[in-house]
Protein chains: 2
Amino acid sequence: MLKNRVKELRARYGFTQSELGKQVDVTRQTIAFIEKGEFSPSITLSLKLAKVLQVEIGDLFWLEEE
Amino acid sequence: MLKNRVKELRARYGFTQSELGKQVDVTRQTIAFIEKGEFSPSITLSLKLAKVLQVEIGDLFWLEEE
DNA sequence: CAAAAATGTTAAGTTTATATAACATAATGT
DNA sequence: ACATTATGTTATATAAACTTAACATTTTTG
């Protein structure tokens with residue numbers, strides 16, 4: 001199962017969903033869906049998010065058992 | 001632009017495209033498309049590939065300028 | 001408190017990832 | 001040389017990512 005820390009890290013930087021979306025070229029709804037874990041973004045978008053949030057991509061997204 | 005080392009690492013382990021595909025639950029054509037750089041796989045598939053190929057995901061896929 | 005901004009959520013549409021199938025060529029093994 | 005296996009490639013179909021739009025609720029701010 002895919003997990004992520006997008007919401008936590010976005011909050012740490014004080015970005016709104018819209019601001020983060022704009023920085024990685026997606027809409028705020030896409031950010032919301034990712035934060036809810038409703039889908040598995042492309043590696044391209046994932047790498048952009050990791051860059052903006054200044055973490056290794058493996059620390060932003062990971063797979064858990066179950 | 002998205003780059004990856006899937007082909008190189010698959011060769012290192014001596015896996016065929018079919019074998020690698022089976023290990024990460026996709027078809028050999030999907031592996032072929034990824035190796036050709038024709039699309040940006042999901043983060044879920046990317047994480048599975050990194051696990052099987054025993055590298056950090058950031059060492060398997062990365063973004064380059066232009 | 002009232003207004004504005006942010007978030008939650010959902011529906012419908014478009015684009016892209018992935019599957020399935022098919023055929024051709026290259027590489028490997030007997 | 002022949003048979004088998006791996007790879008290249010392309011077409012069509014389906015599933016999932018992502019967009020756009022809309023409205024409701026929550027949070028923030030004057």
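By convention in this document, chain letters (A, B, ...) are assigned in the order of the sequence lines, proteins followed by strands, and residues within each chain are numbered from 1.
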Within residues 49-63 of chain A, the residues having a heavy atom closer than 4.0 Å to DNA chain C are none

Where the side chain of A:R5 meets the backbone of A:D59, is there a donor-acceptor pair that is under 3.5 Å apart? yes

Kindly say if B:Q17 contacts the phosphate of D:dT5, meaning a side-chain N or O under 4.0 Å from OP1 or OP2. no

Return yes if some donor-acceptor pair links the side-chain N/O of B:E19 with the main-chain N/O of B:T16 below 3.5 Å, else return no. yes

Would you kindly give the CZ-to-P distance between A:R10 and C:dA6, to the nearest whole Å? 11 Å

Quick one, B:I43 and A:N4 - any side-chain contact, counting heavy atoms below 4.5 Å? no

Exceeds 12 heavy-atom contacts within 6.0 angstrom, atom CD of A:E56: no

Rounding to an integer number of Å, can you tell me how far A:E35 CD sits from D:dC18 C1'? 16 Å

Spacing of A:L49 atom CG and A:I31 atom CD1 [to the nearest 0.5 Å]: 5.0 Å

Under a 3.5 Å distance rule, please check whether A:S42 uses its side chain to pair with a backbone N or O of B:S40 as donor and acceptor. no

What is the distance, rounded to the nearest whole Å, between atom CD1 of A:I31 and atom C1' of C:dA6? 14 Å

Transitive ILVMFWY side-chain link B:L47 to B:W62, under 4.5 Å: no

With sugar-phosphate taken as primed atoms, P, OP1 and OP2 and all else as base, the protein-contact string of nucleotides 17-30 of chain C at under 4.0 Å (heavy atoms; B, S, -) is SBSBBBB-------

Does the side chain of B:K7 get closer than 4.0 angstrom to OP1 or OP2 of D:dG8 through an N or O atom? yes

Determine yes or no for a side-chain-to-main-chain donor-acceptor pair under 3.5 angstrom, with B:R10 supplying the side chain and B:F15 the backbone. yes

Determine: side-chain N/O of A:K36 to OP1/OP2 of C:dT9, distance under 4.0 Å, yes or no. yes

Can you check the A:L20 CG to D:dC18 P distance for me, whole Å? 13 Å

Hey, are the side chains of A:I34 and A:L45 touching, using non-hydrogen atoms and a 4.5 Å cut-off? yes

A:L2 CG to D:dA17 C1': how many Å, rounded? 13 Å

